[in-house]
Amino acid sequence: MSALNGMFSHPFLVHAFLAGTAVAVLCGLAGYFLVQRGEVFAGDALGHVAYTGAMAALALGLSPRIGLFAATIAAGCALGLGGIRGGTDDVAIGSFFAWMLGLGVLFLTYFTTHHSTGNGNANVNVLFGSIFGINATAAATAALVAAAAVGVLLLIARPLLFATIDPAVARASGVPVRILGAVFLALVGITVAEATPLVGAVVVLGLLAAPAAAAARLTNRPWTAFWLSAALSLLSVWTGIILSYEIPVAPASFTIMAVATSCYLAAFLFDRFRGHRSHATTGLSIS
């Protein structure tokens, strides 16, 4: 208890836990549908867009958050309305977003030669995050934005699950599948934009995908997996923050992703063990 009290006596840790908790829950809930809908590639692409948007805003002398949100929301809507689930345009989409990342490098070059004197660490912070650098205002903003995004996601969760399981039947039943997909990917864009300052555009996909994939392996009940994904994401962020605090040489982005990946590995091994045990029990009962 004294160790915990010592940790929370530091304002930067309080801010990290507040912002990290909000973003972790949002990543876990959005990530579950991202995995179930086979749109993990979109999450990776939005990470590229987030970097380019932030660099564009910095090159224009604006706050990187403006670029983050504008770019990722616009890209999410475009991907959703374009119907990426068919997988027929993977090469075109991949090429486009690789070009977007290159465009981010162009903006970075302009920023470093014209505006970087006042914010020299901006590129590193966008790429890898800086959860311990979040101030009180940024932490409160992250919590409010995440709460609003979670609220919208919960409102569309049931029809979105219907459209995820059987889009043809959902469309025939009057569910606006394409619009729903666009709204969902816009929410993923908001998630990526909010998570980038904390864990970085490069590794944000791990926080979206690993806890959700682990939850899906641990249970086949959709709503149980939905909330379990949020819990595992929360566990990853909390544990990662504590590990980074206790091991100063380990960046928080690394420790958070290490815990998230470990959760998936443990779920994978448990699922395999459960499957082998089930087969063995079935074989014994038959014999």
Side-chain angles (χ1 to χ4, degrees), residues 19 23 26-27 30-31 34 39-82 84 89-135 138 141-142 145-146 149 182 184-210 251-254 256-257 260:
V23 169
L26 178 57
C27 283
L34 199 69
E39 294 176 348
V40 174
F41 177 71
D44 185 32
L46 288 171
H48 295 170
V49 172
Y51 175 75
T52 300
M55 288 299 105
L58 287 169
L60 293 172
L62 303 173
S63 167
R65 288 180 65 85
I66 295 175
L68 281 171
F69 280 92
T72 54
I73 292 173
C77 289
L79 286 171
L81 292 174
I84 66 167
D89 297 322
D90 279 357
V91 174
I93 293 172
S95 300
F96 175 75
F97 284 112
W99 174 79
M100 283 289 292
L101 189 59
L103 189 62
V105 176
L106 176 63
F107 289 133
L108 170 63
T109 302
Y110 182 86
F111 170 68
T112 54
T113 55
H114 292 81
H115 300 289
S116 65
T117 54
N119 195 1
N121 294 326
N123 178 55
V124 174
N125 290 341
V126 171
L127 283 174
F128 303 108
S130 180
I131 195 169
F132 290 144
I134 300 295
N135 58 33
T141 301
V145 171
F184 169 66
L185 284 179
L187 286 173
V188 175
I190 292 172
T191 304
V192 170
E194 199 56 65
T196 293
L198 276 64
V199 297
V202 173
V203 295
V204 64
L205 179 64
L207 197 56
L208 281 166
S253 295
F254 165 74
I256 289 170
M257 290 307 125

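With Thr52 contributing its side chain and Leu103 its backbone, the two residues share no donor-acceptor pair below 3.5 Å. When atom types are taken as modelled, the side chain of Ser253 and the backbone of Phe128 share a donor-acceptor pair closer than 3.5 angstrom.
Distance check, rounded to the nearest 0.5 Å: CG of Leu101 to CH2 of Trp99 gives 11.5 Å. Taking CG of Leu205 as the start and CE of Met257 as the end, the distance is 9.0 Å to the nearest 0.5 Å. The line from CG of Leu26 to OG1 of Thr191 is 3.5 Å long, rounded to the nearest 0.5 Å.
Just one residue in the list Leu185, Val145, Leu68 forms a side-chain contact (heavy atoms from CB on, under 4.5 Å) with Ile190, and that residue is Val145.
Minimum heavy-atom separation, Gly206 to Ala260: O-CB, 4.4 Å. For the pair Leu46 and Ala75, the tightest heavy-atom approach, listed with the atom from each and the gap, is CD2-CB, 3.7 Å. The heavy-atom pair separating Ala19 from Ala142 by the smallest distance is CB-CB, 4.1 Å. Taking every heavy atom of both residues into account, Ala195 and Val23 meet most closely at CB-CG1, 3.6 Å. The shortest non-hydrogen separation linking Thr196 to Val126 is CG2-O, 3.4 Å. Heavy-atom minimum distance, Phe184 versus Leu34: CZ-N, 3.6 Å.
Between Phe107 and Leu58, the closest side-chain pair of non-hydrogen atoms is not below 4.5 Å. Looking only at side-chain heavy atoms (C-beta outward), Thr112 and Leu108 come within less than 4.5 Å of each other. Between Leu106 and Tyr110, every side-chain heavy-atom pair lies at or beyond the 4.5 Å cut-off. For the pair Thr141 and Arg65, the minimum side-chain heavy-atom distance is below 4.5 Å.
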- Task: Evaluate the criterion side chain to side chain contact (heavy atoms under 4.5 Å, CB included) for residue pair Val203 and Ile256; output intermediate values, then yes/no.
- Result: CA-CA 10 Å; Val203 295; Ile256 289 170; over 6 Å; no
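Counting heavy-atom neighbours within 6.0 Å of Phe254 CZ, excluding the residue itself, gives a total of 12 or less.
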